[in-house]
Amino acid sequence: MLTIEELLFRSVAACVRELWGAECESGMIQLQKTKREFEGDITLVVFPLLRLSHRPPEQTADAVGRWIAERHPEITAYNVIKGFLNMVIHDAYYVRMLNAAATDHDFGHRHPETGSDPCLVEYSSPNTNKPLHLGHIRNNLLGYAISNILMANGIRVVKTNLVNDRGIHICKSMLAWQRWGNGETPSSSGKKGDHLVGDYYVRFEREYRQQVEQLVQAGQRQEEAEKNAPLMLEAQELLRRWEAGDTEVIALWKMMNGWVYEGFDETYRRLGVDFDIVYYESDTYLHGRDAVMEGLAKGVFKRHDDGSVWVDLREEGLDEKVLLRSDGTSVYITQDIGTAMLRHRRFHPSRMIYVVGNEQNYHFRVLALVLGRLGFPWAASLHHLSYGMVELPEGRMKSREGTVVDADDLMDEMTETARTMSLELGKLEGLDETEKEDIYRVIGLGALKYYILKVDPVKNMTFNPSESIDFDGNTGTFIQYTHARIRSVFRKAEELGITVPREVPDRAPLNGKEREIIKLILDFPAVLRDAADTCNPSLLANYSYQLVKEYNQFYHDHSILREENKDIRSLRLVMSSTVGRVVKDAMNLLGIEMPDRM
RNA sequence: GGUUCCGUAGCUCAGUUGGAUAGAGCAACAGCCUUCUAAGCUGUGGGUCGGGAGUUCGAAUCUCCCCGGAAUCACCA
């Protein structure tokens, strides 16, 4: 079905051709929603057309308005204010479009093209030496949400996680555990595996700092002391033995990483995110080396006298960047080169999206350029979905100062707060305990997820642990609450024996509020597309709030089930159920569950 | 110092391709529960869109310069 925008677009072009004998160039026909304070639904901005009409704005707008109104019964009236032509659209059009949305189970969604290449999304990518924190939550929510949004747009998605399971950081935890652990395990201590390992990492850092301090007091320079501290030397020795395949070290590494994975799995499960494929750096870190050596042979990279291999990106405005160490071992980016190649060989992705914090903007520019230098045409398909840091009121989270907001703790607190508030309101009486607990969980997590996802990813955001997350106002809770009330209307309708039509059978006139809401519903497909095109889930979050806010005002003024509203009930019921469905759909794409009651 | 990003109400954030008088929530104050769930609704107050110049019929939005903040520029990951 032709939307009214498409119809008007063509109509304006035809009008200009007929009246002034000119063709519209792209961008000249600007249609937008009419501002609330003016009468009308769609507005044509006529300024760009003045070049063709050679008339003042008002005359141009009036001429176009008259031409269109004479030919299209959908336009019932128009008015001109300065260079703006506001057109009023017939109620029947909106009722028809509402019905189309109401009866389309995949409203706004597109079906995947068969045989098309997938989009690969990498997110989470944790280190295995400490538990997940608030920054990881932003990462995971963004990655999971954008994957869902792409899928809703008919794109096949492969969700991947690249676990950084090797390196000096995990050796530090291992060393501390060997020293001070006394064989402690998750089951012996009752601690979650990732937290247990994280505690030993913290222990290492604490002891290490003491050693450094002692060396400095004994007369060494800070940098010297940091290199010479016995604990650091031991950790490095452990890394060497790991790389040499020492069975004892490998066994310890496997055991402790196993604990961490159990812990991560639980956190992921609670957070509601998942992956199709998990890559481990210990498997992939060697693969990039061959590619770098090939590039060296082709002359796109250079070897320095000490044997290290470099890429010179000064022409692109960047610096020289090391790709292989002088001892031949790989660095961080080497591993990413290898991983990208492995993935490309296996999936032929049309796009590779990396959800990684903005502190790695430089890294991903380099990665794309290096892959380009190596001659891979798909280097251009890399997309870094960069997001800002989550900061605390006093600044950045610092593990040294114990200001890291732990993911598990935060989810616990959110659920707990939801429980307390729910009990105060006392609306869940009559439900059994497991149902109640599930609703507390859904509300607590919904508030957290929405709070994070409503912010534009590119921006740093502030998280105030004591007062940030409200359950009032522009929150996930409010959206869930409105949904729960809509569901309640339908439960009541059933009790009252009111039949709910699938679509609006009559041609009831619309009031202003109803039009606003229907227009918002009809925006959903475009918002969903924009969110995918710009890799920005916050568009969906803010859209959901806007829709629900509008609906909630309507809800108060327009009783749906009252007997005196019988004749307009069908419209209101169809509208309500469609709002409920769209909002639930949008929120689910963000990973936010929608309770039927709360 | 170089590069990139951010700067909108006291606070947290929206703001569509450049479009009309820049919007929400929190906080403050005043109302609304015989009425489909008050986690809600209605109203009041609150702005040099960091500053300046430019482009344009029109700039929070695009360009340049400055100010403030963040990240990064490692043989760390």
Side-chain angles (χ1 to χ4, degrees), chain A residues 27 30 32-35 37-38 43 45 47-48 50 57 81-84 86 125 127 164 166-169 281 304 306-310 317-333 335-336 357-363 365-366 386 388-389 391 393 395-396 418 421-422 424-425 427 443 447 451 454-456 458-464 467-475 477-478 480-482 484-493 495-496 523 526-527 530 538-539 541-543 545-546 549 552-553 555-562 565 572 576 597-598:
Chain A
Q30 290 185 21
Q32 56 190 244
K33 279 195 265 180
T34 303
K35 294 259 179 204
E37 52 271 28
F38 301 101
T43 295
V45 184
F47 290 108
L50 302 184
I81 295 168
K82 292 193 277 183
F84 299 92
N86 303 320
S125 308
N127 290 350
N164 183 3
R166 54 157 226 112
I168 192 74
H169 55 275
E281 265 192 30
H304 282 196
D306 59 8
S308 55
V309 178
W310 296 72
L318 307 180
D319 298 312
E320 280 192 292
K321 182 85 188 171
V322 68
L323 299 177
L324 283 179
R325 293 191 186 102
S326 50
D327 62 4
T329 58
S330 36
V331 292
Y332 180 52
I333 194 160
Q335 166 276 128
D336 255 335
N358 63 9
E359 76 263 16
Q360 294 196 33
N361 286 355
Y362 185 83
H363 170 78
R365 282 179 70 190
V366 172
S386 165
M389 329 217 67
E391 287 164 354
R396 211 174 160 172
M421 297 195 60
S422 240
E424 268 174 32
L425 293 168
K427 294 182 184 181
I443 293 172
Y451 180 80
K454 76 173 175 180
V455 180
D456 187 335
V458 79
K459 291 184 176 174
N460 287 3
M461 58 183 291
T462 307
F463 177 84
N464 187 330
E467 57 190 56
S468 266
I469 296 188
D470 285 314
F471 292 78
D472 303 320
N474 184 353
T475 61
T477 313
F478 173 61
Q480 291 171 325
Y481 173 69
T482 308
R485 287 212 300 208
I486 291 173
R487 299 311 310 153
S488 173
V489 168
F490 287 93
R491 280 194 300 273
K492 285 269 159 54
E495 283 170 24
L496 295 169
D523 282 343
V527 173
D530 285 352
S538 80
L539 298 182
N542 287 302
Y543 165 78
Y545 176 69
Q546 204 188 339
K549 170 94 180 152
N552 220 48
Q553 292 164 356
Y555 182 97
H556 274 262
D557 298 341
H558 303 86
S559 305
I560 294 168
L561 300 177
R562 291 246 199 97
N565 291 326
R572 293 181 180 180
S576 295
R597 60 183 82 206
M598 62 186 275

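In the text below, chain A, chain B and the rest are named by the order of the sequence lines, each starting its count at 1. In what follows, every heavy atom counts, from backbone to side chain, and hydrogens, waters and symmetry copies are set aside. Predicted, not measured: the structure shown is a model, and the values here were computed from it.
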With the criterion being N/O to N/O and under 3.5 Å, what pairs connect the protein with nucleotides 55-61 of chain B, and how long is each?
none

Between B:U17 (P) and A:Lys33 (NZ): distance, integer Å: 12 Å
Nearest-Å distance for atom pair CD/C1', residues A:Gln335 and B:C76: 13 Å
Under-3.5 Å donor-acceptor pair between A:Asn86 side chain and B:A20 base: yes
Length of the line joining A:Leu561:CG and B:U37:C1', which is rounded to integer Å: 13 Å
Value in whole Å for how far the P atom of B:A14 lies from CG of A:Asp523: 19 Å
First encountered from the 5' end of RNA chain B, between A:Val455 and A:Gln360: A:Val455
Along RNA chain B (nearest heavy atom to each residue), the more 5'-positioned of A:Met461 and A:Lys82: A:Met461
Spacing between A:Met421 atom CE and B:G40 atom P, to the nearest angstrom: 9 Å
Whether A:His304 and A:Trp310 hold their rings parallel, tilted or perpendicular, with breakpoints at 30° and 60°: parallel
Interatomic distance at C1', B:G18 relative to B:C62, whole Å: 8 Å
B:C67 versus B:G15 - spacing of their C1' atoms, nearest Å: 25 Å
Span that lies between the C1' atom of B:A38 and that of B:A20, in whole angstrom: 37 Å
Rounded interatomic separation in angstrom, taking CG from A:Asp456 and C1' from B:C13: 10 Å
Distance between P atoms of B:A24 and B:G40 (Å, rounded): 16 Å
Whole-Å distance separating the CG atom of A:Asn552 from the P atom of B:A24: 15 Å
B:C76 OP1/OP2 closer than 4.0 Å to side-chain N/O of A:Arg325: yes
Spacing of the C1' atoms in B:A53 and B:A74 (rounded, Å): 40 Å
A:Phe38 ring over B:A20 six-membered base ring, under 5.5 Å and 30°: yes
Length of the NZ-C1' vector between A:Lys35 and B:U16, whole Å: 10 Å
Phosphate OP1/OP2 of B:U37 contacted by A:Ser488 side-chain N/O (<4.0 Å): yes
Rounded P spacing from B:G58 to B:C73 in Å: 44 Å
Same-atom distance (P) from B:A70 to B:C64, integer angstrom: 23 Å
B:G50 to B:G7 separation - P atoms, rounded to the nearest Å: 8 Å
In B:C33, glycosidic geometry as syn within 90° of 0 or anti otherwise: syn
